[in-house]
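What follows is a single structure, written as structure tokens, with notes after it.
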Amino acid sequence: MKDDTKEIVSYVFVGGMTTLVNYVVYFILLKIHSHWLIANSISWVFAVLFAYYTNKRYVFKSTNNIKKEFISFILLRFMTLLIENICLYLLIDLLNLQPMISKVCVSFITILSNYILCKFKIFKEEGVCHG
């Protein structure tokens with residue numbers, strides 16, 4: 001399997017596991033009557049920690065400076081959290097959709113954004129430009 005194809009397959013698998021972590025924490029918090037914004041933000045923390053470790057180690061096999069890379073990962077993923085929370089607000093509070101259905105809808109945007117950020121900003125080889 002070509003390296004790019006292997007990377008994408010690995011990213012999809014790890015992304016699926018990260019999404020599962022995110023959904024399970026979100027669902028549990030909703031079940032104990034947490035507000036959707038709190039549930040989403042806490043589930044984001046769990047998912048981001050899981051995603052950083054697994055992407056660094058298994059998908060992109062990065063050997064970059066961990067401190068710099070982790071900060072970059074958190075900051076860029078925080079941008080997607082803000083976008084996700086805004087989209088959830090629109091779907092849940094303005095359109096009155098169910099929080100779990102809204103989360104699934106918004107996830108498509110989040111997953112694609114996170115892949116692009118990881119590939120071209122966070123886990124790129126230092127000193128190497130990925131066109």
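Just so we're clear, the structure is a prediction, and the values are computed from it rather than from any experiment.
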query = I42 and I28: same hydrophobic cluster, using ILVMFWY side-chain contacts below 4.5 Å?
reply = yes

key: L82 reachable from W44 in the ILVMFWY side-chain graph, under 4.5 Å edges   = yes

Let me have the donor-acceptor pairs involving side chains of residues 85-95, under 3.5 Å, with sequence neighbours excluded, atom names and distances please.
from : atom 1 : to  : atom 2 : distance (Å)
N85  : OD1    : N40 : ND2    : 2.6
D93  : OD1    : W36 : NE1    : 3.3

key: Min side-chain heavy-atom separation F73-E69 under 4.5 Å   = no

request  = Indicate if V24 and Y26 have the same hydrophobic cluster label, given that clusters are the connected sets of ILVMFWY residues with side-chain heavy-atom separations under 4.5 angstrom.
outcome  = no

Given E84, R77, K103, the one that forms side chain to side chain donor-acceptor pair (under 3.5 Å) with T110 = E84

inquiry  = So L29 and I38, do their side chains get closer than 4.5 Å, heavy atoms only?
reply    = no

task = Taking all non-hydrogen atoms of both residues into account, name the closest pair between N22 and S43 and its distance.
result = OD1-OG, 3.1 Å

key: Shortest non-hydrogen contact between L30 and P99, atoms and distance   = CD1-CB, 3.9 Å

request  = Using a 4.5 Å cut-off on heavy atoms from C-beta on, say whether the side chain of I74 contacts that of V48.
outcome  = yes

key: Heavy-atom closest contact (S107 atom, Y23 atom, distance)   = OG-OH, 2.8 Å

inquiry  = Through direct or indirect side-chain contacts below 4.5 angstrom among Ile, Leu, Val, Met, Phe, Trp and Tyr, which residues connect to I71?
reply    = L75

inquiry  = Let me confirm one number: the CZ-OG distance from F78 to S41, rounded to the nearest 0.5 Å.
reply    = 8.0 Å

Path from I109 to L76 over hydrophobic side-chain contacts below 4.5 Å = no

query = In Å and rounded to the nearest 0.5 Å, what is the NZ to CD1 distance from K6 to I8?
reply = 13.5 Å

request  = Could you tell me the separation between the SG atom of C105 and the CE atom of M100, rounded to the nearest 0.5 Å?
outcome  = 11.0 Å

message = Test of understanding: clusters of I, L, V, M, F, W, Y form through side-chain heavy atoms closer than 4.5 Å, transitively. Do F70 and V45 belong to the same one?
response = yes

query = What are the two closest heavy atoms between I66 and Y52, and how far apart are they?
reply = CG1-OH, 3.3 Å

